[in-house]
Amino acid sequence: MLSLRLTSFTHLLSPTSSAAIARRSRAILRRRNHLRKRPLAASFSAQSATAETQDRVNNSKNRVPEQVITPRSQDFNAWYLDVIANAELADYGPVRGTMVIRPYGYAIWEAIQEYLNVKFKETGHSNMYFPQFIPYSFIEKEASHVEGFSPELALVTIGGGKELEEKLVVRPTSETIVNHMFTQWIHSYRDLPLLINQWANVTRWEMRTKPFVRTLEFLWQEGHTAHATPEEAEAEAIQMIDIYTRFAYEQAAIPVITGRKSKVETFAGACKTYTIEAMMGDKKALQAGTSHNLGQNFSRAFATQFTDENGVREHVWQTSWAISTRFVGGIIMTHGDDAGLMLPPKIAPIQVVIVPIWKKDEEKAAVLNAALTVKDVLLKSGIKVKLDDSDQRTPGWKFNFWEMKGVPLRIEIGPRDVASGSVVISRRDIPGKQGKVFGISMEPSNLEAYVKDKLDEIQSSLLERAIAFRDRFCPSILLWLVTPIHTCTMNYWTDQTKSLTRTSLRTVSNAFVVTKTIATNWNEGFLYNIVDVSTYNDLKAAISEGKWARGPWSASDEDELKVKEETGATIRCYPFEQPKGIKTCLMTGNPAEEVAIFAKSY
C-alpha cells in the first residue's frame, strides 16, 4: 500500500511543472482506461483463427447502418433518442408527450415484471386492479396530496356526450381509490395486514417529456399495504425499497444509492419517502424507485379504520411503493455506448443471437443445420436465443444491428466452424477483436457451460463498470507515481515517502509533482463523480461541473429550495449509509447528523 504525506513536499514544486504533469497524468489515464485484457480461447489453431478473422474483417466492411447514432459525448440527449429509435424500443405517440412502447422495449419491461412479481408474491402480496377513473372529490380529501398533484392531473368532464356531475381524474396514482376500497374491506385486526399490488398505467400531464423517463402516460407497478401498527408499516416500506435495491444491482446491473428523501422531496401525502437514486451516463440522477410510509394521512382522510384486539377503533398505518417504465430509460442511459444499447443478460429479451455465415449456396444447408443445432442446445438450457437466418442482410449488417440492440452475446457459424465443430463468440461489452473468441466447441455441455459463464461475466462486468463510473477514482495514477520514468544514477531516500525506499531522484520528483496535483485538486474531486463538500461554495462548484455533491446538511426547507433555485440541484436523498459522528452543516455551520447527496436530475 502506498502511503504519501501530501503536505510535506509541495514546496518543491512550481505551478508550471505541476500543471504540465497534471496534463500528462490525465492523458496517461485516458490511454490506460482504453486498454482491456484480451480473453483467451480454450483451444483453437492460430492458422484457423487468422483466416476466420480476416473473413470477418472483410465482412465488417458491409456494415452500412441505415441511421447514425449521435456519439454520447457529443450530445447525450440526442444519443439517447437515437438509441431508442434505432434499437426499436419505442416511438412517439400521436398525442404530445406520449409514446408507443414497441415489442423489444416492452420485452425489457416484461423482464422487470417477471422478477418483481416473484419477489412481491414471496413477501405475501397479491396482484389486483383498480379503475383508472377516480372521482375528483377523492383527490381533494388529502390536502397535501391534491396540492402536490393538481398541476399534473388529467380530468374527464364529458362522458357519453354529456357533462359529468363530478369530474373524474385519470389515475395519477391510486392512494385515494385504494383507501376508498380499503375502508370497505378492513374491519378488524384480523383483516390486517392487507398487502396488494397492481400493474397499471398512470397519467400525469408533464410539460417536459422524455421517452421512458417522463411521459404523459407510463406503465408501473404500485403496491399498497395497510397495517395495525406504525412499526409494521415502517418495516414494509424498508422491505420494499430493499427489494428495489436488489433488483437494481442483481438484474439491471445499476448501482443505486438507497436513502430517505428530504421533507421537500417527500411524496405528497407521505410521512417518509425512501428512494433508490442512480447516476446516468451524463451524471444526472434518476429516481429509479420509491417506497412511501404514508403513516395515517390517508386512513384519516378516508376513515379507514379497524377494531384492535382490545375493541378500540384505530386508523390503519399504510405504505405505497412503485417502479415504472422509467427504469428502462435508466438501463439505456447507464449501460449504452456509441454503438447503441447494451443490456445486462438477466433482463435482455435476447441473450444470444446466432448469425450464420456462408458465401456459396452449397455451404448454406450445413451452416444453417449447425446453427439450428446450437439454437436448440441453448434453448433447452433456458437461454433466450435468436437465430438470424434472414437472406436480406449481410452478416456484417447483422453484427451491427444486434450490437445496436444490445444483445449480450453473438455466435457466428461459418463453413470452417462447421468443419471444426466449433463456433466464434463475441461479447457486446468488449468491442472488436478483444471481445471475440474462436474455437468454442459445439459439443452441447461445453457450449452451454461456456455461454452461461460468459453471460454471468457480462452481467458482473456491467455492474462493475457502472460502479466504477459512479465512484470514479483512478488507482492507476498511484501506480504511475511509483513507476520509474527516467533513469538516474543518484539514489534518493526521503522520510516523507517511506514506501518509496530507493528509487531515482527524478522519479520521486515526478511523484511529488503528480501527488501535489492530486492534493490541490482533491476538494474539486477531478478523480470523482461524487464529491464530498463542506461549504456551499464547494457544493455549487461540484454541481457546476456536472458532479454529485455529498455533504453535511441540517438546513431549512427554504435553504434547500435556495440550492435548487441557484444550482438546479436537489437533495436526492440522505443515504442509509452515513458517516459516524456529528458534522457541520455546509450551509448554516450548525451541527448536522446526516450527509445529503445533491445532484441535477431527470
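Since the structure is predicted, the reported quantities are computational estimates derived from the model, not experimental observations.
- Put simply, the side chain of Thr215 never gets that close to the backbone of Phe212: no donor and acceptor are under 3.5 Å apart.
- Between the CG atom of Leu409 and the CD1 atom of Ile425 there is a distance of 6.5 Å, given to the nearest 0.5 Å.
- Met99 approaches Ala90 most closely through the heavy-atom pair SD-CB, 4.2 Å.
- In terms of heavy-atom proximity, Gly330 sits nearest to Leu286 at CA-CD2, 3.6 Å.
- Side-chain contact check for Gln113 and Glu110: no donor-acceptor pair (N or O, by modelled atom type) lies under 3.5 Å.
- Between Glu88 and Phe401 the shortest side-chain heavy-atom distance falls below 4.5 Å.
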Inset, instruction - With salt bridge (Lys or Arg N to Asp or Glu O under 4.0 Å) as the test, would you mind laying out the steps for Arg465 and Asp337 before giving the verdict? - result: CA-CA 12 Å; Arg465 187 182 301 179; Asp337 62 11; 5.8 Å; no
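- Side-chain atoms of His335 come within 3.5 Å of backbone N or O of Ala253 as a donor-acceptor pair.
- Atom CG of Asp361 sits in a sparse spot, with 12 or fewer heavy atoms from other residues, nucleotides or ligands closer than 6.0 Å.
- Pairing each heavy atom of Gly329 with each of Val213, the nearest pair is CA-CG2, 4.4 Å.
- Taking OH of Tyr115 as the start and CD1 of Ile323 as the end, the distance is 9.5 Å to the nearest 0.5 Å.
- Crowding of Arg96 atom CZ: a count of heavy atoms from other residues, nucleotides or ligands under 6.0 Å exceeding 12.
- For Ser445 and Glu443, the side-chain atoms include at least one donor-acceptor pair closer than 3.5 Å.
- Evaluated for a side-chain contact (heavy atoms from CB on, under 4.5 Å) with Ile257, the options Met279, Arg470, Arg550 yield exactly one hit, Arg470.
- Under the 4.5 Å side-chain criterion, counting only non-hydrogen atoms from C-beta, Tyr92 is not in contact with Thr209.
- Expressed to the nearest 0.5 Å, how far OG1 of Thr70 lies from OH of Tyr80 amounts to 14.5 Å.
- In this structure, the side chain of Tyr129 does not engage the main chain of Trp199 through any donor-acceptor pair within 3.5 Å.
- Rounding to the nearest 0.5 Å places CZ of Arg428 at 12.0 Å from OG of Ser461.
- Shown here are the salt bridge (charged side-chain N to carboxylate O under 4.0 Å, His left out) partners of Glu206, two or more places apart in sequence or in another chain: Arg214.
- Here the side chains of Glu122 and Ile243 are not in contact, with every heavy-atom distance at 4.5 Å or above.
- Of the possible donor and acceptor atoms, one in the side chain of Gln578 sits under 3.5 Å from a partner among the backbone N and O of Pro575.
- Between Trp109 and Ile112 there is a side-chain heavy-atom pair separated by less than 4.5 Å.
- No side-chain donor-acceptor contact under 3.5 Å links Asn446 to the backbone of Ala449.
- Side-chain contact check for Ile276 versus Ser291: every heavy-atom pair is 4.5 Å or farther apart.
- Checked against salt bridge (charged side-chain N to carboxylate O under 4.0 Å, His left out), Glu457 has the following partners two or more places apart in sequence or in another chain: Arg427, Lys454.
- Checking side-chain atoms of Lys346 against main-chain N and O of Gln459 turns up no donor-acceptor pair under 3.5 Å.
- Of the possible donor and acceptor atoms, one in the side chain of Asn529 sits under 3.5 Å from a partner among the backbone N and O of Phe469.
- Note that the OG1 atom of Thr258 and the CG atom of Asp242 stand 7.0 Å from one another [nearest 0.5 Å].
- Taking the ring axis of Tyr602 as reference, the NZ or CZ atom of Lys210 does not stay both within 45° of it and closer than 6.0 Å to the ring centre.
- Using a 4.5 Å heavy-atom cutoff, the side chains of Lys283 and Phe76 are not in contact.
- Inter-residue side-chain proximity for Ser426 and Glu412 is flagged as met; some heavy-atom pair is nearer than 4.5 Å.
- Residues Lys380 and Glu448 are not paired through a salt bridge, judged by the lack of any N-O separation under 4.0 Å between the basic side chain and the carboxylate.
- Rounded to the nearest 0.5 Å, atoms CG (Asn400) and NZ (Lys405) are 12.5 Å apart.
- No donor-acceptor pair closer than 3.5 Å links the side chain of Thr334 to the backbone N or O of Ile331.
- A donor-acceptor contact shorter than 3.5 Å links the side chain of Lys398 to the backbone of Ser390.
- Nearest heavy-atom pair, Val353 versus Ile350, reported as atom, atom and distance to 0.1 Å: N-CG2, 4.4 Å.
- Judged by a 6.0 Å distance limit and a 45° cone about the ring axis, Arg326 is not positioned over the six-membered ring of Phe218.
- For the residue pair Pro349 and Leu343, the shortest heavy atom distance occurs at CD-CD1, 3.7 Å.
- Between Tyr274 and Met240 there is no side-chain heavy-atom pair separated by less than 4.5 Å.
- Put simply, the side chain of Gln351 gets close to the backbone of Pro345: a donor and an acceptor are under 3.5 Å apart.
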